[in-house]
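Please read all numbers here as calculations on a predicted model, not as lab measurements. What's counted below: heavy atoms across the whole structure, side chains too, no hydrogens, waters or symmetry copies. The chains referred to below are lettered A, B, ... by the order of the sequence lines, with proteins before strands, and numbering in each begins at 1.
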2 protein chains.
Amino acid sequence: MLDNQSMSSTSRLDREFERLPLRERKKLKTRRAIQDHALRLFAEQGYDATTVEQIADAAEISPSTFFRYFPTKEDCVLSDEYDPVMAEVFRAQPPEMGVIDALRVMYRELLAGMYIGDRDRILTRSRLVLSVPALRARTFDLMRQESATAFSELAAERAGVPIDDPRVRVLTWATTAAIEAAVTTWAESDGALDLPKLVDEALAFIAAGCPL
Amino acid sequence: MLDNQSMSSTSRLDREFERLPLRERKKLKTRRAIQDHALRLFAEQGYDATTVEQIADAAEISPSTFFRYFPTKEDCVLSDEYDPVMAEVFRAQPPEMGVIDALRVMYRELLAGMYIGDRDRILTRSRLVLSVPALRARTFDLMRQESATAFSELAAERAGVPIDDPRVRVLTWATTAAIEAAVTTWAESDGALDLPKLVDEALAFIAAGCPL
DNA sequence: TAACTTTTGAGAGTTAATCTCATTTAACAT
DNA sequence: ATGTTAAATGAGATTAACTCTCAAAAGTTA
């Protein structure tokens, strides 16, 4: 199931893809073409040195079409990575398990799969995002906003506290920051370190009260 | 209307100010004028609806001069709030005290003072920053980069671990996120809640391992 | 006052981002 | 199949952020 999710995500997604009407299929294809060419050009020339016009030319669309797919140049890098599967796995943990422990189990299960199939892609993208201040700021903001909504609800539900309990935001923002720290350390090591281990240790460290 | 350093700046800063050569004094005055007019216009018209040209007109300078003082429109809101006094107070705590506890004491001491003098200014600015996505992302990124440098060194020093220990980044980013969460909750309450208390409780919650 | 340095303003140029409108292309009911 | 309807696209104009250059103005110092 887990390996299935990531490894075979291509084929599963492809099957869904082929069931879509032609118009939707073309839209998805265009969207992917833009992202692929953009990431390639960013890698080749740098982010700032690449104009939207160049991306549009490479993807064989007009600049106005680019902005119809992505509201800003930044957004074509920021894929919305939130996965409903994460919520599922999180909820599947025994109710007496604490929020952070459930989070650890969830990442242990899901990251293992992702780490096999998408390691290189994630590493490349992470390096790009971390090296361009505007992308870095927007990516982290996006993750925080997401955790403020989706994960906050899950956490409050599990803990049995109201969603507006100040501790819920502290918990979600702090754990999100811990995971981002792990990813950053991993990207800085050029992938030499083990990401799943770094994430698990980061969360364990938070659960232990950050004893330093 | 906008008398610049009227109430807030302490007499200590004023004395320093008057010792500066005329050229430096004018520069500081211009910088403050830009920030004051910008914040006023943002409050009146909204951030996006206010152009740099309008700010420049209000501050009686040319647009090119605006960009000589602030590299981007965003930056005239983002004051660099890092205070060397914070490092001093942090270092002054007994060496056997843990990093988070030293941080708590530091915030307890410094926030108490700020809360009296600058409460309204901080609240206004926080609301502006939190309401404009671009400002929010850049502010949080700025704080994280700061904590990645200044505070990381202090934390590693106190804990007696190398600065590149992964736990150092996890600790600094997580505590920074916890403080930001407290400030956000405070701003959302329109200042009805007690900021020093929220910050102290957030850090205590982190030190306890986020038990939820 | 004169020589020197720094700050400033004017103006032109680049690019991201928004908007309108005409054209093309797919979807679907007959 | 075909015509009607709805959606996607491209071209082009527009705004505003940001960069750059150069000459004028203001300050510092001898």
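Listed by first and then second residue, the salt bridge (Lys or Arg N to Asp or Glu O under 4.0 Å) pairs involving residues 128-141 of chain A are A:Glu74-A:Arg138, A:Asp75-A:Arg138, A:Arg136-B:Asp141, A:Asp141-B:Arg136 (not counting sequence neighbours). Listed by first and then second residue, the salt bridge (Lys or Arg N to Asp or Glu O under 4.0 Å) pairs that reach into residues 176-195 of chain A are A:Arg127-A:Asp190, A:Glu180-B:Arg144, A:Glu188-B:Arg169, sequence neighbours excluded.
Every salt bridge (charged side-chain N to carboxylate O under 4.0 Å, His left out) that B:Glu157 has, sequence neighbours left out, goes to B:Arg91. Partners of A:Phe42 according to the ring pair (Phe, Tyr, Trp, His ring centres under 6.0 Å) rule, which considers only residues two or more places apart in sequence or in another chain, are A:Tyr47. Taking the ring pair (Phe, Tyr, Trp, His ring centres under 6.0 Å) definition, one finds that B:Phe140 meets it with A:Trp173, sequence neighbours left out. When the ring pair (Phe, Tyr, Trp, His ring centres under 6.0 Å) test is applied to A:Phe90, the partners found at least two apart in sequence or on another chain are A:Phe151. Here A:Asp164 pairs with nothing under the salt bridge (charged side-chain N to carboxylate O under 4.0 Å, His left out) rule; sequence neighbours left out. Residues satisfying the side chain to side chain donor-acceptor pair (under 3.5 Å) test with B:Tyr115, not counting sequence neighbours, are B:Trp186. Looking at residues two or more places apart in sequence or on another chain, you find a side chain to side chain donor-acceptor pair (under 3.5 Å) between A:Thr65 and A:Ser62.
Within a heavy-atom distance below 4.0 Å of DNA chain D, the residues of residues 50-72 of chain B found are B:Thr50, B:Thr51, B:Val52, B:Phe67, B:Pro71, B:Thr72.
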Handout entry: side-chain contact (heavy atoms from CB on, under 4.5 Å) evaluation trace for B:Leu154 with B:Val99
Key = CA-CA 9 Å; B:Leu154 294 171; B:Val99 174; over 6 Å; no
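Where DNA chain C meets chain B (any atom under 4.0 Å from a heavy atom), the bounding nucleotides read 5' to 3' are C:dT5 to C:dA10.
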So which protein N/O to nucleotides 27-30 of chain D N/O distances come out below 3.5 Å?
{"from": "D:dG27", "atom 1": "N3", "to": "B:Arg23", "atom 2": "NH2", "distance (Å)": "3.2"}
{"from": "D:dT28", "atom 1": "OP1", "to": "B:Arg23", "atom 2": "N", "distance (Å)": "2.8"}
{"from": "D:dT28", "atom 1": "OP2", "to": "B:Leu22", "atom 2": "N", "distance (Å)": "2.7"}
{"from": "D:dT28", "atom 1": "OP2", "to": "B:Arg23", "atom 2": "N", "distance (Å)": "3.3"}

